[in-house]
Every structure is written in C-alpha cells, then in structure tokens.
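Input: a single structure, listed below in structure tokens.
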Amino acid sequence: MINSRKYYITTPIYYVNAEPHIGTAYTTIAGDVMARYKRLCGYETFYLTGTDEHGQKILRSALSAGLEPKELADRVVTKYKEVWEELNIKYTRFIRTTEEKHKKAVQFLFRKIDHNGDIYKGKYSGWYCTACERYITLKESPDKKCPVCQRQTEFFEEENYFFKLSKYQDKMLSYLREHKDFIEPSSRYNEIFARVKMGLEDVSVSRASFDWGITMPIDEKHVIWVWFDALTNYLSGIGYPDETDNFKKFWPANVHLIAKDILWFHSVIWPCMLMSAGLEPPCKIFAHGWWTMNADKISKSKGNVVYPRDVIDKFGVDGLRYFLLREIPFGLDGDFSFTALKNRYNNELGNELGNLVMRTVVMVEKYSNSTVPQYNPSEVDKTIMETLRSTQKSICDHMEHFRFSLALENIWEIIRMSNKYIDNVKPWLLAKEKLSHLNTVLYTLTETLRIISIYLMPFMPASMETMRKQLGVSDENISITEGLEFGQIKPGTRVSKGNPLFPRVEDK
RNA sequence: GGCAGGGUAGCUCAGCCCGGUAGAGCAAGAGAUUCAUAAGCUCUUGGUCGUGGGUUCAAAUCCCACCCCUGCUACCA
C-alpha cells in the first residue's frame, strides 16, 4: 500500500567521468523543484541523488589520469556536491555506488533474483566495436560496421551471467497496459510499449573482463553489470535491505526522473528486476529531453558544453533554475542560448516580477509609512481575486504533472495582472487625493506578492526568501495547503525596500 | 524499411479530439503616463495554417495521396 503522505523522488546517479554540466543540473534542479513543492504540500519527502562510480569507463579514465578509480570518483563527487550546494539543491541523501551499504544491497538483490531462478550462466556473443565499447546488432548494421563510428567491428564471445528478462515480457506488458501513466511523456510510453511488444531478450548482468565493480556473489570472477549496480541505488538509497522501516515507508518511488536516453533501463529492465525480487516497480518514470546549444548538439568535442557556473556568475542561481524550467515544456528537447536566457531573465524576472516587488514595496513605504495597511475586503479588486482563484487549481495541477513551464506561465498571469492593476488604479493619484481605497490597493498588492512567493519558492528558493524579507513575511511558515488563501498578511507588517531582486543584465 | 510524433505570424508554440474564413509570448513600431530595476501600461504591424486532391453551405480542424523534419527500432554508461 502506498503511503499517500510520502513522496520519494530520484535523479539518476551521475557517472563520475565528467563534471556536472547543464544537462545533469537540469534533472537535478527539476527534482529539487518537485521535492520542494511536495514538502510545501506537507509530504514527507525523500529526494535521492548520487553518483555511479563503477564500470570500465571509469577504470580507464582513472588509469589515464594516473589515479585509482576510487580516487577519481572522490574528486568528481566533491565537484558534484559543490555544484549542487551552489545550485541550492536540497537532497535528502547523496548515494555513491562505492559505498559498502550499496554494494551489500546490490549483492542482496542479486541473490534474491538468483534464488528466484532468474540468473543463469550463458555466452554472450556479437559484433563489438572496441572504440565505442558496444555491441552492435545486425539489425542496425548488416555490414557489421559500427553505426556510430563506422569502424569495422570484431566478433567477441564472452561467458556471462544472464538475467531472464524474457520471462517477464507478459508481466511487463500487462503492467504497462494497466499503468498508462507509468512512463511520461506519453510519447515515450508508446515507444516503450511498442518495443516490449516486439519481445524481450535476456540481458547479461555480469562482466569478467575487468574488475572495477561489485563482485558477483555467486562467482567471484565476475563483477555485476553497471546498470544492475546503478539501478539498485534507488533501493539502497533508502536503506534496502536493512533499514526496513525507512524502506517500507518510501518504496515504491513515486518517480524516477531521468533523461530520455536511459529510459529503456529504467522502464523495462528495472521493473523486471524488481518483479523478480518480489518488489513493486516504481510508480512513474519521467523522461525529460535534451538541451541543445544554439541549436547545436552539446558535446565535449564541440567545446560547447555549458556549466552551471557559466550561467550563475551572470544570472544568478535562480536565473538558471528559472530559465531551465520555464524555457521548454518538461519532457521535450529545447535550445539553450544566452540570448534567450537574457531575454527571460531581464523581462520576466527583472522587469515583470522584480520591478513589481520594488514598486509595491516602495509605494507601501511612501504612502503607508512602510507598513501594510488595513484593507476593506469588499473593495478588493475583482480581477485580481478572479486571477488568483482561477490559477490556483491549475498551477497545482501543473506542478503535480511536472508541467513546470505551464505552472510558471500561470504564475506570471498573476504577476502581469498585478502590474496592470497598478497602472489601472494609479495609487499615486489615490495618495494625492488621500483616498482610503489606497489602503486596500496596497494591501492587495503585498498580499498577492506573498502568495506568489509561495508558488515560486520551489523554483527560486533564495530569491523568494529575499523577497519575503522585503514583504516582511519571512518568518511565516510556508505551506501550499494553507498559505494560498487571500488575506493572511497582517496589517502593520513592516516592509523594507532592498536591492533589486533580479538586477538587469546588460551585455552578452 | 517498420512504428510513433510533427510541419500554423521573423522566432517558440497554442488551436485540430467536438468543422464556421486564425491566437499567445518574444522580436519590431507608436502613444499616454510616473509608484518602479528607462521598468510597467495601451495600441499597431505581421500568417493564402507543408503540397495536391476530396467530403461539406463552410476545413488549420474530417478523409486520401505526396513531400519534408524528429524520435524509437535493446546490453558504453
């Protein structure tokens, strides 16, 4: 039975042969936004991220750097943790696959699956491209040339242990049929469904050609395949198999957030492994898209990799967090460009939101002695109330379904409405004529901003904290369930003008 | 090749399910204002809705054909 008041969300564990870049930051920020949102909704939330540290590639990278693989991993892990801290990522736990706990969990899970009769010794053979380190299928290349690098491949045969994936084909298929929202976006669901229908073949889950990995319990000459190892982090990260209370509380995961390239492993191999071990599959796999850079594919060789630091020096952490989730619908591919970033930052964050906060706070200072005035509920602007009411449901609905960009669009409707409102009622004239309606206007504005700050807290925690200080509500307990009702800011609350929240960026 | 999705203003997209001669944001241009980060507000320019046929009083929207683009088509992670 799924505990409805808990929320368990994960990112993939990142491979430690590269430093965190915009792509890994994207997944991690999205997960953080969701985790923060769920916390605001009152859920006991577990947000897991970490690093994948085994495998041949790591071994090679380490050797060429003159390091032990673990040393290399340690260094990169430090980088990851630094960057996540910088980006304000509030994870519950950072797991490393080289941890003893994790290794034990992997071996435990492996034994379970073995005891269930789903592991057997066999031979894996095929045409292998040494350069790309991958087997090719005759379907993708009948002439036996590597489809990626066009090099001639060699025939290899190795003795491996296999997992009986094929045994779970029917179960997997009916699971997919019964859980239409298991994989999102739905286009990905359709792809996977079609592939599973074509049939499942057993997968090799051990390697004997190198030893940087977790030793296979039933044959010490083999290490466990990195994917088997890596996927298990979702269990070991919450205490499997020993910390039964925590594990029982949080499993199954509500969502595994991933990039689209690793969908197969997460949506098919992983659930089948879990079925074999008698565990429930995760509730949802959400596969997001890729970023291009000025419409070009991002790659090391092209030298156009964007690192978080490149962005936050100029646009701030929240500028980055906002842009990534606002620019493209979550799930689709999108283009990263500093032009687009600057436009959104200046227009939406600086002009529309930042300036709204500024003009509101300054007016309260000037016209109301820096304190939020009393208001007359019957005089509250109807269009503002209507906008707040109509957006509330849809914002929360969008958030629940990872439609971050639409949630933000809705929030910006409120912001734009507020700017219009000011221009319509012209508080500076009301002040001149000493009309009492001014009080209601100022109250409405500060209160609307308070509500906006709650909505935006998951996206831009640092800026919203600053903004709430300016509004004088920083010590208030924030909750989505209770904080959205109009009329909570207390008359007499002192506002204080601070520096612009999002100072304009001029060049670049 | 097979399966899936898409081709709508300069750009990014909504509308298509439930037919009635096109919408938003950005970009561009103009105006009135001043509380404000020269921000905000108002207005304007701008599309024969991939191509060709068909159904219909009426099609971006339904049907057929074609062209083009993208994704998936299993073990580097």
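First the proteins, then the strands, lettered A, B, ... as listed; each starts at 1.
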Query raised in the report: Touch check for A:F502, heavy atoms < 4.0 angstrom, all strands: base, sugar-phosphate only, or nothing?
Result: base
Report task. Check whether any side-chain nitrogen or oxygen of A:K197 sits under 4.0 Å from OP1 or OP2 of B:C3, and answer yes or no. Result -> no
Requested in this report: Tell me the partner of B:U55, counting only Watson-Crick (N1-N3 plus N6-O4 or O6-N4) or G-U wobble (N1-O2 and O6-N3) with both under 3.5 Å; none if nothing fits.
Outcome: none
Query raised in the report: In whole Å, what separates the P atom of B:G5 from that of B:C63?
Result: 13 Å
Report summary line: Among B:C76, B:U73, B:C35, the one nearest any side-chain atom of A:K57 is B:C76
Query raised in the report: Does the side chain of A:N347 get closer than 4.0 angstrom to OP1 or OP2 of B:A27 through an N or O atom?
Result: yes
Query raised in the report: With both distances under 3.5 Å as the test, what is the Watson-Crick or G-U wobble partner of B:A22?
Result: none
Query raised in the report: Mapping A:N343 and A:S187 to their closest nucleotides on RNA chain B, which lands nearer the 5' end?
Result: A:S187
Query raised in the report: Which is true for A:G350 with a 4.0 Å heavy-atom rule: it touches a base, it touches only sugar-phosphate, or it touches nothing?
Result: base
Report summary line: The answer to which of A:E327 and A:N346 contacts RNA chain B further toward the 5' end, by nearest nucleotide, is A:E327
Query - Whole angstrom value for the distance that separates P of B:G40 from CZ of A:R416 - result: 10 Å
Report task. Counting heavy atoms from C-beta on, name the nucleotide in B:G71, B:A74, B:A36 closest to the side chain of A:R359. Result -> B:A36
Query raised in the report: A:I422 has an atom CD1; how far is it from atom P of B:G40, in whole Å?
Result: 12 Å
Query raised in the report: Using the C1' atom in both, what is the distance from B:U34 to B:G7, to the nearest Å?
Result: 46 Å
Query raised in the report: Contact class for A:I192 vs. all strands (heavy atom < 4.0 Å): base, sugar-phosphate, or nothing?
Result: nothing
Query raised in the report: B:U33, B:A77, B:G40: which one has an atom nearest the side-chain heavy atoms of A:V226?
Result: B:A77
Query - Spacing of the P atoms in B:U45 and B:G23 (rounded, Å) - result: 12 Å
**Report entry** Spacing of A:F228 atom CZ relative to B:A74 atom P, expressed in whole Å
**Finding:** 23 Å
Query raised in the report: Expressed in whole Å, how much space separates the P atoms belonging to B:C66 and B:A77?
Result: 41 Å
Report summary line: Of the candidates B:G71, B:C35, B:G40, the side chain of A:N355 sits closest to B:G40
Requested in this report: For A:R326, report the nucleic acid contact type (base, sugar-phosphate, nothing); a contact means any heavy atom under 4.0 Å.
Outcome: nothing
Query raised in the report: So which nucleotide does B:C72 pair with, by the Watson-Crick or G-U wobble rule with both distances under 3.5 Å?
Result: B:G2
Requested in this report: Mind checking the OG-NZ spacing from A:S337 to A:K342? Nearest 0.5 Å is all I need.
Outcome: 11.0 Å
Report summary line: Answer for the Watson-Crick or wobble partner of B:A9, both distances under 3.5 Å, is none
Query raised in the report: Looking only at atom C1', what distance separates B:U12 and B:C17, rounded to whole Å?
Result: 24 Å
Query raised in the report: How is A:L501 classified with respect to the nucleic acid when contacts are heavy atoms under 4.0 Å: base, sugar-phosphate, or nothing?
Result: base
Query raised in the report: Whole Å only: how far is the CD atom of A:E409 from the C1' atom of B:G25?
Result: 8 Å
Report task. Give a yes/no on whether any side-chain N or O of A:R504 is located under 4.0 angstrom from OP1 or OP2 of B:A36. Result -> no
Requested in this report: Could you tell me whether the phosphate oxygens of B:A74, OP1 or OP2, come under 4.0 Å of any side-chain nitrogen or oxygen in A:R195?
Outcome: no
Query raised in the report: Rounding to a whole Å, what distance do you find between A:F193:CZ and B:A74:P?
Result: 18 Å
Query - Rounded distance in Å between the C1' positions of B:U8 and B:A60 - result: 7 Å
Query raised in the report: Who is the Watson-Crick or G-U wobble partner of B:U37, with both distances under 3.5 Å?
Result: none
**Report entry** From B:U42, B:G71, B:C35, nucleotide with atom closest to A:K420 side chain
**Finding:** B:U42
Query raised in the report: What is the distance, rounded to the nearest whole Å, between atom CG of A:L429 and atom P of B:U34?
Result: 7 Å
Query raised in the report: When rounded to the nearest 0.5 angstrom, what distance separates CG in A:L353 from OH in A:Y322?
Result: 8.5 Å
Query - Check: A:Y14/A:D52 side-chain N/O donor and acceptor closer than 3.5 Å - result: no
Query raised in the report: To the nearest angstrom, how far is A:F163 atom CZ from B:A74 atom C1'?
Result: 14 Å
Query raised in the report: Is the phosphate of B:A77, meaning OP1 or OP2, less than 4.0 Å from a side-chain N or O of A:W225?
Result: yes
Query - Span that lies between the C1' atom of B:U44 and that of B:A4, in whole angstrom - result: 42 Å
Requested in this report: Apply side-chain hydrogen bond (donor to acceptor under 3.5 Å, both in side chains) to the pair A:S276 and A:D118, showing each step before the final yes or no.
Outcome: CA-CA 7 Å; A:S276 170; A:D118 291 338; 2.6 Å; yes
Query raised in the report: Has A:K260 got a side-chain N or O lying under 4.0 Å from the OP1 or OP2 atom of B:C72?
Result: no
Report summary line: When every non-hydrogen atom of A:K123 is compared with those of A:F162, the smallest separation belongs to O-CZ, 3.7 Å
Requested in this report: Give one of base, sugar-phosphate or nothing for A:N17, where a contact means two heavy atoms less than 4.0 Å apart.
Outcome: nothing
Requested in this report: Establish, from distance only, whether the side-chain atoms of A:E53 and A:T98 form a donor-acceptor pair under 3.5 Å.
Outcome: yes
Report summary line: Picking from B:C26, B:C41, B:C35, the nucleotide nearest the side-chain atoms of A:N419 would be B:C41
Report summary line: To the nearest angstrom, the CG-C1' distance between A:D261 and B:U73 comes to 16 Å
Report task. Considering only atom P, compute the distance from B:A58 to B:G54 and round it to an integer number of Å. Result -> 12 Å
**Report entry** Identified pairing partner of B:U42, criterion: Watson-Crick or G-U wobble below 3.5 Å
**Finding:** B:A30
Report task. Check A:L324, A:L325, A:D318 against A:R321 for a side chain to side chain contact (heavy atoms under 4.5 Å, CB included) and give me the one that passes. Result -> A:D318
Query - Polar side chain donor-acceptor pair, A:N351 to A:R504, under 3.5 angstrom - result: yes
**Report entry** Any A:N351 side-chain N or O less than 4.0 Å from OP1/OP2 of B:G40
**Finding:** yes
Query raised in the report: Counting only heavy atoms not in A:W290, do more than 12 sit closer than 6.0 Å to its CH2 atom?
Result: no
Report task. Report the nucleotide, chosen from B:A77, B:G71, B:U37, that has the shortest atom-to-atom distance to any side-chain atom of A:Y15. Result -> B:A77
Requested in this report: Have a look at A:K366 and say if it touches a base, only the backbone sugar-phosphate, or nothing, with a 4.0 Å heavy-atom cut-off.
Outcome: sugar-phosphate
Requested in this report: Give one of base, sugar-phosphate or nothing for A:R188, where a contact means two heavy atoms less than 4.0 Å apart.
Outcome: sugar-phosphate
